[in-house]
Every structure is written in structure tokens, then in C-alpha cells.
Student: 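Before anything else, here's the structure in question.
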Amino acid sequence: MFKCILIANRGEIACRIMATCREMGIETVAVYSDVDATAAHVLAADRAVRLGTAEPAESYLNQERIMAAVRDTGAEAIHPGYGFLAENAAFAARCEDEGIVFIGPPPTAIRELGEKTLARRMMIENGVPVIPGLTQATSDPAKLLDEAARIGYPVLIKAAAGGGGKGMRVATAAEALSEAAEAAGREAVAAFGNGAIYIEKYLPRARHVEFQIMADQHGDCVHLLERECSIQRRHQKIVEETPSSALTPALRAEMGAAAVRAARAVGYVNAGTVEFLLDPDGCFYFLEVNTRLQVEHPVTEMVTGIDLVREQIRVAAGLPLAFAQSDIAGRGHAIECRIYAEDPQNDFLPAPGSIEYLQFPQGPGIRIDAGIYAGGQVPVEYDPILAKLIVQAEDRDAAIARMRRALGETVVLGVKTPVAYLRDVLAHKAFRAGATFTDFIPRYMTDWTPAAGDADAAALAYIADDLTAVPRGKDRPDRNAGWPSPWRTLGAWRP
Ligand code: MV4
């Protein structure tokens, strides 16, 4: 087993990975940029190496400096987390060349699955259903029009080098197709440096259901059940859960088997996610494979009891999977809510700043994956995810009740967060009924404002006012020495 792992990431995911390393007796190396010199992940690591200034190219995306940090610290492996270098095939190949273990899939799998039309062809060859549409990228208007006529409108134009919903455009009729194709191509160039596009039939009211997969270096591959991630805003997932209320045991087995075929098609190793769209008739279609540990992996860990990071590290070290498909069973229901520094009343724009006060919920079935602490800063330069709140309970209703309770106990002051918004998402009749389709947020939540007289919102505003009057720095009273906690204030205060 490795003695030392470098975590090439920051924030909550770096802290999460370090927690497992510590349990496994593996030394951790953090890397950081100047604005992160005192960030949570730096404090959590055994050692930390400065990379450079805040710009990602000078720090978390800088392969030279990360490899230098690996050499200087004697780390044997790199965990890339998600984002940054996690799905960079060239970086994974470079690690291999330099004798460092990349804790993730082989570079060939990253490269092949990153080419969306190639991935579609490989899935078709392996009996995985794909959405009707092109299997070769083209910008030829005649070819696009032909295919759209064949599959029928509306169609969705996607970037061939893309993923995650970036650069997608719907065309509802032939007249709109060429303009939409040009716009999608321009966006693809800007986002991926590659303007290649293709089209698919557009499925407007489907569910996003993804399967966690895990494969070892000895040819074993299993799935660890599904996650439903249909609650998204501008292709940003905000609530994820498992199991999906739309799957029967038979459909789960069928989709899980298709996910394993998808992984085997590219010789996949380590953790990955196979995304599907599930339409209201119960037909499912391959979307893409995410070749990384995902943000929402904790819901899977909560119901399966498996530490996915531990399995990633074991598999990367050459060990066989510790479980067979028949060992995998989900217990109860888990839900995750993502808490970003963002303003729900200002179009969810990132709202970085300093964390003045922080209180997380506690109690049975609750997990917090956080990358911040009270008194810390949320820099403007990176994704403003603060923490993930994950709950597990015996069934979906109990998990919803537990999540609403946990959100009600969550206090983050100093930056705006969507905590109150998330409570309303979970309280929504359609959510409770399991009507979680990809149009949920635009359909039900566009005109959201904090409920008039909402006790939490009012109490939080009251606490925030109070806090601005609190002396700072050395004059600030010790929280343990009589400063009333917002939680007590919250409990006692009535509008
Ligand atoms: C689609 C789709 C409907 N039809 N493709 C978004 C993320 C990326 N992995 C693929 N995505 C989608 N692809 C076809 N042919 C719907 C989504 C989609 C989605 C679209 C709009 C709003 C929210 C969404 C959430 C999940 C998936």
C-alpha cells in the first residue's frame, strides 16, 4: 500500500480524500495557491506544498509544479479529486510515464470517453442503448438537417468534446437548426477549444439517473447502484439522492448491467459514473461517462456502506475489489444537498467572502463534507462549494424530513447560501411525490423568494444584523465564554 499520497485539489473534496488516507495510515500532501495558504485542506494535510498564485494555471492546473511537489515530498500517488486535472488524459499519462500512480482510470479510457461520438459508437457496439442521433461529429448543415429530419424535432446539439451540459442547444424546427448549430459550435470552441458538434433527439422531460461503477486491474467490475440527479440548475446539480424513485429492481438490474458493459467496453479501471437519461416510459439511454470520483459520491457511500475513496486507493495499488456484485445492497435512502456561496436572490451568482459563523447539523444519519471553517475565506478564484450535507434514513420520506431538519440547523453567516431555497425544494409537493425530472427547477422554482414571514430567514437576518455589531479580532468575545450562539437565538427567537 502507498505510504504517501498527494491530493491535487482543494476544498471539501481534498479534505474528504485526506480523511480516508488518514484512516488507512497513508500520509497526505496538500498543494495550495497563495489565496489558499490557510485553507481547510492545507490545515487537514500532514504536509503542504505551495504551487503558486491563485490562477488555476499557476496552481491546481499546473502539471509541472504538481509533479515537482510529488518528487520533493516522495509521494507515490496522486488523487486528483474532481475538476482541475481529474479528467485530463494527458496528465494521467504523464503520471504513468513518471512512475507516479494516478488514482483514477487509465488515460486511454479518459480519452475515449471524452470523445462523445466515439463513446456513443463504443456503447452501440456493446449493446448499451444510446439516444437516437449522430455517431460522428459534423458541422455540415446538410448532414445535421438530414439527421434531424430522420430522428424528428426537437433535437439537441451537443459539443463532441464536451460534457456536463456545456454548449448544448435545442432546435425545435429545421429553420432554427443552422443558427443553433453555429452558436453551439462557437460555445464549444470557447469551452473546449474544439468546435465539433453532433445532434441527438431531445428528451425534454426525463430523469438523470447515473450508476456508480468500480473496476479493478484484474478484470472485475461492479456497479454500486444509482444516484438520481435530476434536480439541476443550469447543469449544476443541487440535490442528489439514491435510490431513484423511478427504478424497479428489474430496471435497476438492467441499467446496472448496461453500466458495467459501458465500463468494460473501454477497459475501465477505478471509480467512474455512467450517466443515463430515463424517460417517463422507463426507456433509458446512455449519456456519458464521468471518469472521476463525483461530487455526489457520498449518497452512494451512505447506502452501500462502502468508502469509495478507500476502494479507489486499493484498486490503484493493484488490490482486487473487496466485494462482488452480490455483496452490494443499498440500505434505506440518502439525499445530498450542495451548499455553495451563492445568492439565490441574485440569480445564484457566486458570493465569495469570509465565513463569520458556521454551524453544521448533527445527529443520526447526518454527514457533512466541508472544506471551510469559521473565520476562513471563500476565494473568488474557484468553485464556491462550501460543503455538502448528506443524510440517510430508512426511506425517502424519512430522508426528506431529516434533510429539512438538518438544513434548518445549518447556519452559515458571512456569505449567502441557498440553504433556505434547498429547504423549499425538498418541501415541494412535486419533489415529495418523486416527480423529479430535469425540468423541476425551471418549472417549479424560478420565481422563488424566501417565504414571507419565514421564521428561519427572518431569524438568520436578525442574527446577521446582530453579528455586524459584534467586536472583531482580539476584542471578539470567546464563543465558549458566553457569546450567545445563533443556534440558541434561532431556537428562542420568534418573529
Ligand atoms: C440530454 C437531455 C435531453 N435530451 N440529451 C445534461 C448534462 C449532460 N450530461 C447531458 N444532459 C442532458 N442531455 C438529450 N438528448 C437532458 C440533459 C439534462 C438536462 C437538460 C436540461 C436541464 C437539466 C438537465 C439535467 C440533466 C440532464
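Hydrogens, waters and symmetry mates are skipped; everything else that's a heavy atom, side chains included, is used. Order of listing sets the numbers, starting from 1, for every ligand and every atom in it. In this text the structure is predicted, and so the values were computed from the model without any measurement.
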Student: Please confirm whether Arg292 makes a cation-pi placement over Tyr82, using NZ or CZ under 6.0 Å from the six-membered ring centre and within 45° of the ring normal.
Tutor: no
Student: Report yes if some N/O of Leu203 lies less than 3.5 Å from some N/O of ligand 1; otherwise report no.
Tutor: yes
Student: Counting both backbone and side chain atoms, is some N or O of Glu200 under 3.5 Å from an N or O of ligand 1?
Tutor: yes
Student: At a 4.0 Å threshold, what atoms of ligand 1 neighbour a non-hydrogen atom of Lys201?
Tutor: 4 (N), 14 (C), 15 (N)
Student: Is the closest basic N to carboxylate O distance between Arg150 and Glu147 below 4.0 Å?
Tutor: yes
Student: Does the Lys NZ or Arg CZ of Arg252 fall within the cation-pi geometry relative to Phe284 - under 6.0 Å from the ring centre and within 45° of the axis?
Tutor: no
Student: Ignoring angles and geometry beyond distance, decide whether His235 reaches within less than 3.5 Å of ligand 1 through its nitrogen or oxygen atoms.
Tutor: no
Student: For a 4.5 angstrom cut-off between non-hydrogen side-chain atoms, does Phe323 reach Thr304?
Tutor: no
Student: Using a strict cut-off of 4.0 Å, indicate which atoms of ligand 1 neighbour a heavy atom of His208.
Tutor: 26 (C), 27 (C)
Student: Which residue and atom name correspond to the protein heavy atom nearest atom 7 (C) of ligand 1, and how close is it?
Tutor: Gly165 N, 3.6 Å
Student: How far is atom 14 (C) of ligand 1 from the closest protein heavy atom, and which atom is that?
Tutor: Leu156 CD2, 3.5 Å
Student: Determine, using ring centers only, whether Tyr153 and Tyr202 are less than 6.0 Å apart.
Tutor: no
Student: Before signing off on this row, confirm whether Glu275 and ligand 1 have an N or O atom pair separated by under 3.5 Å.
Tutor: yes
Student: Quick test: of every protein heavy atom, which one is nearest to atom 2 (C) of ligand 1, and how far off is it to 0.1 Å?
Tutor: Leu277 CD1, 3.3 Å
Student: Assign the ring pair Phe102 / Phe91 to parallel, tilted or perpendicular, where the plane angle (0 to 90°) is split at 30° and 60°.
Tutor: perpendicular
Student: Tell me whether the centres of the aromatic rings in Tyr382 and Tyr60 are closer together than 6.0 Å.
Tutor: yes
Student: Between Glu288 and ligand 1, does any nitrogen or oxygen pair lie at a separation below 3.5 Å?
Tutor: yes
Student: Under 3.5 Å, N or O to N or O, is Lys158 touching ligand 1 that way?
Tutor: yes
Student: Any cation-pi pair here, Arg227 with Phe211, using under 6.0 Å and within 45°?
Tutor: no
Student: Is any side-chain N of the basic residue among Lys116 and Glu288 closer than 4.0 Å to the acidic one's carboxylate O?
Tutor: yes
Student: Looking at atom 12 (C) of ligand 1, what's its closest protein heavy atom, distance included?
Tutor: Met168 CE, 4.0 Å
Student: How far is atom 18 (C) of ligand 1 from its nearest protein heavy atom, and which residue and atom name does that atom have?
Tutor: Thr438 CG2, 4.1 Å
